[in-house]
Structures are given as structure tokens and as C-alpha cells.
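Chain A is the first sequence line, chain B the second, and so forth, proteins listed ahead of strands; every chain is numbered from 1.
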Number of protein chains: 2
Amino acid sequence: MRMTGRKIMSMDETSSVGGRPAADFRPLYSQVKDLLIDRIGSGSWKPGEMIPSEFQLAAEFGVSQGTVRKALVELEQQKLVVRRQGRGTYVAKHSSQQSLFHFFHIVDEHGNKELPTSVVLDSRMKRATKEEATLLRMQPRASVHAITRLRHLGGRPVILERITLPASSFRDLDVPTGREMTEELYVLYQRHHGVTIIRADERIAAVAADAEDARHLGVGLGTPILEVSRVAVDVQGNPVELRLSRLNTAHHRYFSRII
Amino acid sequence: MRMTGRKIMSMDETSSVGGRPAADFRPLYSQVKDLLIDRIGSGSWKPGEMIPSEFQLAAEFGVSQGTVRKALVELEQQKLVVRRQGRGTYVAKHSSQQSLFHFFHIVDEHGNKELPTSVVLDSRMKRATKEEATLLRMQPRASVHAITRLRHLGGRPVILERITLPASSFRDLDVPTGREMTEELYVLYQRHHGVTIIRADERIAAVAADAEDARHLGVGLGTPILEVSRVAVDVQGNPVELRLSRLNTAHHRYFSRII
DNA sequence: CAGTGGTCTAGACCACTTA
DNA sequence: AAGTGGTCTAGACCACTGA
């Protein structure tokens with residue numbers, strides 16, 4: 001069958017010939033989907049770019065347009081592409097807006113999302129702790145970037161964040177200390193480092209504010225604050241960012257929707 | 001055209017006839033979906049029951065099997081039905097297992113979910129506070145059930161829960177005080193009251209343990225604990241349960257996945 | 001074996017965008 | 001007007017389940 005480099009197996013081909021069932025069978029649309037993810041993940045198609053139409057892809061892969069459509073619809077649900085009737089299908093591009101909408105889950109007392117500011121308190125390279133190396137699936141003591149920043153909401157300091165990034169995936173990371181960040185980090189990851197975050201797992205606990213929390217968040221020592229531990233994952237499913245947030249919930253809440 | 005009671009409008013019929021665009025156009029599959037939701041929500045098909053096959057529904061509604069399929073696939077994604085190849089499509093039935101998996105987001109230090117126990121500390125009727133009435137979209141001071149229960153995980157008391165339910169939707173609610181609950185509440189809601197919870201919004205803050213928290217959770221007064229405020233919503237989209245959980249995060253975490 | 005959902009195809013037509 | 005995705009149809013065949 002068709003294809004360059006990789007082969008799509010039709011159901012007939014994978015079906016048992018000598019009576020042995022094919023264990024590695026995968027639907028066509030799923031194979032198509034993986035090919036498309038490869039091209040997006042590898043940067044063949046860049047964020048914001050339009051990808052070929054359903055018919056073009058169908059012709060290229062030697063499948064029907066409906067099969068390509070099913071793959072594209074799933075990619076849209078995973079937020080890897082954006083589809084617009086009459087315009088085309090585009091590789092998802094993180095904008096500050098979208099990034100906030102998806103990955104920023106702090107709301108004010110009325111349930112509204114505000115725009116946070118971010119000032120970098122510290123930015124340096126260090127060696128990963130054992131736990132960091134495990135979570136990021138790196139060698140122990142591998143090099144990582146360590147960023148500390150303070151985020152304001154409604155004029156108040158609310159979130160103290162410590163971010164850990166593998167140096168290997170984020171070469172020449174440029175996050176100068178003491179400056180206000182105008183851009184969402186996930187936008188930066190995507191544009192400068194080709195890393196697209198598509199998922200994040202968060203674990204939340206209540207802790208007592210320590211001296212540093214107290215100083216930066218303007219709360220008393222021992223005040224109950226939220227600690228949010230995030231592991232963010234890229235298109236290929238690799239954990240690529242750790243984020244430890246200490247959050248003053250005097251005037252804000254962590255929001256979660258269970259569906 | 002086909003149908004009993006309600007009418008499905010094809011695209012032609014809704015299209016402009018006198019040059020006026022049809023503002024109320026809805027795709028066929030979406031109309032089919034609403035009809036199916038009606039039958040599930042109204043109890044015509046009960047939880048656990050098999051519903052007619054795609055071809056039977058297609059014949060009944062006068063649409064193609066593919067159109068019914070699209071509606072059913074969306075209902076499956078919303079967890080309103082369960083589809084099994086070779087068996088059929090079934091109205092989703094909350095089991096304790098599923099209920100825990102979906103709506104219980106507390107994990108232990110290793111990220112594992114444990115089975116909680118629940119002892120009812122108090123169960124009574126009262127009048128809704130202003131806030132409760134607003135959140136449940138009831139008249140001020142309408143009758144509600146108020147349940148307080150304590151949940152253990154791994155032998156430790158971890159969660160103190162206060163649940164508020166509209167008396168109108170939960171007549172003859174049977175939650176005796178002082179007893180261990182063997183059944184998940186959402187299973188009870190569905191089986192005894194025809195209320196299926198499909199979504200929940202949670203807002204989380206860190207607070208200091210008060211005297212009652214301290215007594216029941218076995219922590220010191222003022223210890224930082226999590227406060228989780230949930231509003232749970234039924235099939236029709238109405239808020240039907242409020243749940244205020246106070247959670248000791250010494251050995252557990254609230255877990256949230258952002259996709 | 002019959003009946004169900006799952007995959008795949010081919011083709012028609014509609015709605016929307018852009019030129 | 002051309003090109004895109006969105007809806008809808010009809011039909012074939014596959015994979016799975018249970019009688």
C-alpha cells in the first residue's frame with residue numbers, strides 16, 4: 001500500500017491468515033492519527049500552520065476521507081489541532097488566552113478568572129533532586145532549570161511558583177530574573193523549544209505558610225495555604241515540566257470540573 | 001415525517017424558504033441526541049437497561065443508522081450510556097466502583113485511590129440558607145436535607161462532609177444517623193430518586209481546622225486542611241447536590257487532571 | 001449462529017470562509 | 001466561485017457477545 005516511510009496496514013492484511021489472530025491490529029483511523037501526531041510532534045507542521053485538507057490527506061495515505069476525518073476529530077478533541085469550517089485544520093497554537101483558559105485553574109471569589117502577572121524571583125540551573133529526576137524520567141542529578149516566580153491577581157500577590165524543566169529539552173532557556181513575564185510559559189515552551197503541553201496532573205494539599213511564603217504572599221507565618229504539585233506532559237506523553245505552586249486562598253479558589 | 005409526539009426537522013425543512021435564514025437549525029444527530037436524553041432523563045429507559053439497537057432507533061426516528069450512531073457516541077462520551085461491541089447500548093448505571101472512579105478525587109501519598117468508609121454523624125431536614133438556595137436554584141428557605149458524614153481512608157478519619165439536597169427532588173430520603181453507609185450516595189440518588197449526577201464543579205481553599213474538624217479528623221486546632229465545595233449537576237443540567245468537604249491532607253491529596 | 005456495535009468506503013449536499 | 005469542514009446517507013464487512 002501507499003505511504004512514505006511508514007506503512008498503514010489495512011484490516012485484511014492484519015487479519016489472521018494461518019488461523020492465528022492478529023494481536024497487533026489497529027484501526028486505520030488510529031494509524032492515521034499516529035502519523036499525524038508524528039508530524040505535529042516532530043515539527044514538520046508547526047503550530048499555527050494549516051495542514052492539508054481531509055481529501056489531500058486521504059489521497060496521500062490511501063484511505064477514505066471519512067477515515068482521515070475520524071482521526072482529525074480525535075486530534076481536535078485532544079486539542080492538538082483546531083478545525084474551522086470553511087477555513088481548514090490548523091496545528092494548535094498556544095496563545096496566552098488559551099493557555100490561561102486551559103491550564104490556569106485559579107478563580108476569584110465570584111468564580112471569575114483574572115489575568116495574572118508574573119515576576120521572576122530567581123532563575124538558575126541546578127542538578128535534579130532524586131524526586132525531580134524520577135518525575136521527569138531523567139538520570140539522577142541531571143541538569144535542570146529552576147525558576148521561581150511570584151504571580152499577582154487583582155493587585156495582590158497570590159501564587160508563589162517553583163518550576164523545574166529538564167535542561168535537555170529547554171536549551172538556551174531565556175527567563176531573566178527580576179523581570180515581569182509578558183508571555184505565558186507554555187507559549188514560550190512551544191515557540192522557542194518546540195514543546196507543546198497537552199496535559200497536566202495536579203496533586204493538592206493544605207500546608208502552613210513558611211517564612212518565604214509569608215514574605216512573598218503577605219500572609220502570617222503558619223497561615224493555611226494551598227500547595228499544588230503539577231506534572232505537565234507534552235504531545236508525546238513525556239513529563240516535561242514540574243511546577244510547585246503555593247497559593248493564598250484568602251481571596252481565590254482552585255477550580256476543578258469533574259465530567 | 002416519522003416520530004411520536006416530537007418532530008425531527010431535516011435540514012431542508014429548516015432551510016430558508018422565503019429567503020429568511022432558519023435561526024433554529026440543529027443537526028439531525030443533535031435532535032436525535034436530545035430525544036434520547038429525554039427518554040433517559042424521564043425514566044422511560046432505566047439505568048442498566050439496554051436501549052434499542054442503532055438500526056431500530058434509526059428506523060423509528062426516520063434517519064440513517066450513522067446519524068443515530070453519532071448521537072450515541074456523544075452520549076457515551078458524556079457517560080450517559082455505555083456501549084459494548086456485540087452486546088448493545090445500555091443506560092449508564094452508577095455502581096460504587098464507577099462512582100468512586102469518577103467523582104472521588106482523593107488519593108494517597110502514592111497516587112492510589114483507596115476505598116473510603118462513611119459513617120453518618122447527622123441527618124436532618126432544615127431550611128436552605130440564602131447561599132444554598134441560590135446554588136440549588138430553589139426558593140429562599142425551601143426545605144433541604146442536611147447530612148453530615150465522616151469518611152475514613154486507610155483506617156484514618158480523613159474527610160468531614162456536609163451534604164445539602166433539595167427535599168423536593170429527594171422525597172423519603174433514607175439516610176439514618178449513626179450508621180455506616182455501604183452504598184455510594186450517587187448510586188442511592190440514581191436508584192431511589194431517579195437523579196443521575198453527570199458533572200460536578202469544585203472550588204478548593206486551604207483553611208484552618210476548627211473545633212469540629214479537629215475533633216473528627218484528629219488534627220490540632222488550626223491545622224491547615226482542604227475545604228472542597230462541590231456543586232453536582234444532574235442529566236438535565238440542574239444543580240441537585242451541594243457538598244462541603246473538609247479534608248486532612250496529612251496523608252492524602254486532592255487529584256485533578258487537566259486535559 | 002444471529003445480533004450488536006466498530007470500521008471503512010463512496011458520494012451527495014450543506015454551511016462557512018476567502019478571494 | 002472555489003475550497004474547506006460538517007452533515008447525512010447507504011452499504012459492506014469486521015469483531016465481539018451470547019444463545
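In the set C:dT9, D:dT9, D:dT17, the nucleotide with an atom closest to the side chain of B:Arg87 is D:dT17. Among C:dT7, C:dT9, D:dG6, the nucleotide with an atom closest to any side-chain atom of A:Glu54 is D:dG6. Checking D:dT9, C:dT9, C:dT4 against the side-chain heavy atoms of B:Leu28 singles out D:dT9 as nearest. You'll find that the side chain of B:Gln85 is closest to D:dC16, out of D:dC8, D:dC16, D:dG6.
With A:Lys70 contributing its side chain and A:Thr67 its backbone, the two residues share no donor-acceptor pair below 3.5 Å. In this structure, the side chain of A:Ser30 does not engage the main chain of A:Arg26 through any donor-acceptor pair within 3.5 Å.
Between the OH atom of A:Tyr29 and the C1' atom of C:dT9 there is a distance of 16 Å, rounded to whole Å. Residue B:Phe61 contributes atom CZ, which lies 18 Å from atom C1' of D:dT7 at whole-angstrom precision. Computed from coordinates, the B:Met50 CE to D:dA19 P distance equals 12 Å when rounded to whole Å. To the nearest angstrom, C1' of D:dG6 lies 13 Å from CG of A:Leu72. In this structure, A:Gln65 places its CD atom 9 Å from P of D:dG5, rounding to the nearest Å. Across the protein-nucleic acid pair, B:Lys33 atom NZ and D:dG6 atom P stand 16 Å apart, rounded to whole Å. Regarding B:Arg26, its CZ atom lies at a distance of 16 Å from the C1' atom of D:dC8, rounded to whole Å. Look at CD on B:Gln31: it is 13 Å from C1' on D:dC8, rounded to the nearest Å.
A:Arg69 contributes no side-chain N or O that forms a donor-acceptor pair with the base of D:dG5 under 3.5 Å.
Applying the side chain to side chain donor-acceptor pair (under 3.5 Å) test to A:Arg257 and every residue at least two apart in sequence or in another chain returns B:Asp201.
Contacts of A:Phe55 with the nucleic acid, taken as non-hydrogen atoms under 4.0 Å apart, are absent. A:Arg84 comes within contact range of the sugar-phosphate backbone alone, with a heavy-atom separation under 4.0 Å but no base atom that close.
Contact annotation: A:Thr67 reaches the phosphate of C:dT9 (side-chain N/O to OP1 or OP2, under 4.0 Å). Put simply, A:Arg83 has no side-chain N or O that comes within less than 4.0 Å of OP1 or OP2 on D:dT4. Taking 4.0 angstrom as the limit, B:Thr89 places none of its side-chain polar atoms (N or O) nearer than this to OP1 or OP2 of C:dT4.
Each of A:Lys70 and A:Gly86 lies near DNA chain C, and the nucleotide nearest A:Lys70 is the one positioned closer to the 5' end. Between A:Pro52 and B:Val68, the residue anchored closer to the 5' end of DNA chain D is A:Pro52, taking for each the nucleotide with the nearest heavy atom.
A:Glu241 has no carboxylate O lying under 4.0 Å from a charged side-chain N of A:Arg199, or vice versa, which leaves the two without a salt bridge.
Both the sub-6.0 Å distance and the 45° axial angle are not jointly satisfied by B:Lys113 relative to the ring of B:Phe104.
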